[in-house]
Amino acid sequence: MSDAVDESFDVIVVGAGAVGENAADRAGRSGLKVMVVERRLVGGECSFYACTPTKAMLRPVHAAHAAQRVRGVAGAHLVPAEVMARRDYWISDLDDSGAVGWLESVGIALVRGTARLVGERLVEVDGTTYRAGAAVVVATGTSPAVPDLPGLRDAKPWTNIEATTSSTVPERLVILGGGVVACETAQIYCALGSRVTLVERGARLLGRAEPFASSLVAAALAREGVDVRLGVSVTAVSRPEPGGEATVTLSDGSTVAGDEVMVAMGRTPNTADLGLEVVGAEVDESGYVVVDDSMRVTSVPGDWLYAVGDVTGRNLLTHMGKYQARVAGDVIAARGAGRATDGPGMRAWADHLGAPQVVFTDPEVSSVGLTEAAARERGMDVRVVNVKMRAASGAGLQADEYEGYAQIVVDEGRRVVVGATFVGQDTAEMVHAAGIAVVGEVPLERLWHVVPSFPTMSEIWLRLLEHYGL
């Protein structure tokens, strides 16, 4: 630690991704002086290597598919170079000057470099030490996990970073994993012309989703030409020549060859070398920082250390991390002003009730709250209602022969919706209304009086409630 200590700031946020930006902004709005530390791009993983570029590449795929499903439209096709150019526009060609300009416009200081906790409220950045007068917020996120499988790391596999920034379309792409990143990437590169093989050791894709959603996505990928292999795991990867052909050996004895191999097998928290042990911050067995619902690191006394976003392991979703950041920012501001921190808005309770998620495949999978299995594991007496999306006239008008389903999970004891899943074209925009029902714990009898517009897809809510018996 350097002898001189800069004491100019009230709050220091380590990590300037979307979550760190939200924490800094929320605390700064109260008049606190805020600094953020970032060693890479301001805007972070979501803006440059995940959510934004993936959605930018998938939208043309969705648009082409949608055009093919409506009589009266002909000729929709993809132009790979233009799809990638659209993606590059949305990631600003990996230039974060726009995000840096936003920080400057709201009065948040940016320090480039690698941060490390060196004491209570003390953060060292490449030899310079800063003291936070009020709080330090850890928002360092996660990195792609690359398992220690024979030959895998030597093969220099793609992760989401390479998949969302590649300027070329590999002739053959082997994707290891069956979660959200794997499924979305498989659909993108298959549509752009790759021969894609997707290998998932589990019995189904999207293992945390409702089973019917997994089946619909798997069927769609297979129809489009993705070779989906379930129930097999990778035993070894061989790539004798850098940049040459890679051979993936599977547990059933078969092999798959690819010009690129992509790993999409989970994430690892960025907590190493942060100095968490110096201040006594507890991490769980997977390395995630342990926090309470105010996002305070509970193992550190003094109410000064917070963690938000993926690094906590609570919900590895950008929007939930931003929500946690807003909570933490408000709590820090309130404590700095001597106000109470136990009122509404001071607890990240939506983490437990209604984390929404969208898988931007075609069909889209949008969900919020608990699956049927998760609700039953919590001991709830639940009833499940499932109807075809085409039961709403709006779905049929959106796409001829619309394919998809809607499902709600009802806690019979309280007669409230605790989970909802929509699968089909353009269902992503429906999940927020479901989130209001789940997080707001709206009684079914009250929900019945929310009248959907005709003829929209939202009319599916009326069909669900009618099937329930209202």
Side-chain angles (χ1 to χ4, degrees), residues 51 54-70 179-181 183-184 186-188 191 204-221 223-224 317-320 354-372 384-410 417-439 442 447 450 452-468:
C51 316
T54 300
K55 181 72 181 293
M57 297 175 80
L58 278 166
R59 179 55 191 159
V61 178
H62 288 197
H65 289 178
Q68 294 161 12
R69 295 185 185 122
V70 179
V180 177
V181 174
C183 291
E184 291 181 348
Q187 192 161 58
I188 289 170
R204 62 186 178 97
L205 302 179
L206 304 174
R208 296 183 180 180
E210 294 284 8
F212 78 89
S214 301
S215 298
L216 289 170
V217 171
L221 292 178
R223 280 198 306 271
E224 292 166 29
L317 298 163
T318 297
H319 45 274
M320 295 307 291
Q357 182 175 19
V358 178
V359 185
F360 287 102
T361 48
D362 181 26
E364 291 176 335
V365 179
S366 58
S367 60
V368 63
L370 303 176
T371 61
E372 177 186 359
V384 176
V385 180
N386 188 305
V387 299
K388 291 182 178 181
M389 284 293 300
R390 70 179 68 169
S393 299
L397 290 167
Q398 196 80 353
D400 297 337
E401 302 301 322
Y402 190 105
E403 293 186 11
Y405 286 85
Q407 176 177 293
I408 56 173
V409 179
V410 178
V417 178
V418 295
T421 299
F422 305 91
V423 182
Q425 178 182 314
D426 302 322
T427 62
E429 301 301 333
M430 299 186 66
V431 74
H432 188 67
I436 293 172
V438 172
V439 177
V442 182
L447 196 59
V450 180
S453 299
F454 178 85
T456 67
M457 287 169 56
S458 62
E459 197 177 22
I460 199 66
W461 277 100
L462 181 55
R463 303 286 89 83
L464 285 164
L465 294 176
E466 287 174 342
H467 275 70
Y468 181 83

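In what follows, every heavy atom counts, from backbone to side chain, and hydrogens, waters and symmetry copies are set aside.
- A distance of 11.0 Å separates OG1 in Thr427 from CD1 in Ile460, rounded to the nearest 0.5 Å.
- Under the 4.5 Å side-chain criterion, counting only non-hydrogen atoms from C-beta, Pro363 is not in contact with Glu403.
- Between the CE atom of Met430 and the OG atom of Ser367 there is a distance of 13.0 Å, given to the nearest 0.5 Å.
- Counting all heavy atoms, side chain and backbone alike, Ala437 lies closest to Trp461 at CB-CH2, 4.4 Å.
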Stepwise, does the side-chain contact (heavy atoms from CB on, under 4.5 Å) test hold for Val217 with Val359? CA-CA 10 Å; Val217 171; Val359 185; 5.7 Å; no
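- Within the 4.5 Å cutoff, side-chain heavy atoms of Tyr405 are placed close to those of Leu216.
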With side-chain contact (heavy atoms from CB on, under 4.5 Å) as the criterion, how do Val442 and Val450 come out once you've worked through the C-alpha distance, each side chain's angles and the decisive distance to 0.1 Å? CA-CA 11 Å; Val442 182; Val450 180; 6.0 Å; no
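- Heavy atoms of other residues, nucleotides or ligands lying less than 6.0 angstrom from CD of Glu466 number more than 12.
- Within the 3.5 Å criterion, the main-chain N or O of Ala218 finds no donor-acceptor partner in the side chain of Arg204.
- Using a 4.5 Å heavy-atom threshold, the side chains of Thr421 and Thr371 count as separate.
- A distance of 5.5 Å separates NE2 in His62 from CD in Gln187, rounded to the nearest 0.5 Å.
- With Gln398 as the partner, the side chain to side chain contact (heavy atoms under 4.5 Å, CB included) test is satisfied by one option alone out of Thr456, Asp426, Val70: Asp426.
- Residues Glu210 and Gln407 have side chains that bring a donor and an acceptor to within less than 3.5 angstrom of each other.
- Proximity of Leu370 to Val409: side-chain heavy atoms (C-beta onward) are nowhere separated by under 4.5 Å.
- Here Cys51 contributes atom SG and Glu184 contributes atom CD; the two are 8.5 Å apart, rounded to the nearest 0.5 Å.
- What you find for Ser458 and Ser453 is that their closest heavy atoms are OG-N, 4.1 Å.
- A heavy-atom distance below 4.5 Å is not found between the side chains of Met457 and Phe422.
- Residues Asn386 and Phe212 form a side-chain contact, since some pair of their non-hydrogen atoms from C-beta on lies under 4.5 Å apart.
- Glu224 places a side-chain heavy atom less than 4.5 Å from the side chain of His65.
- In this structure, Leu206 and Gln357 have side chains that are not in contact, with every pair of non-hydrogen atoms separated by 4.5 Å or more.
- Between atom CZ of residue Arg59 and atom CG of residue Asp362 there is a gap of 10.0 Å, rounded to the nearest 0.5 Å.
- Between Pro356 and Gly354, the shortest heavy-atom contact is CD-O, 3.0 Å.
- Side-chain atoms of Arg390 come within 3.5 Å of backbone N or O of Tyr402 as a donor-acceptor pair.
- For Leu317 against Ala355, the heavy-atom pair with the smallest separation is CD1-CB, 4.5 Å.
- Looking at every heavy atom in both residues, Cys183 comes nearest to Leu221 through O-CD2, 4.1 Å.
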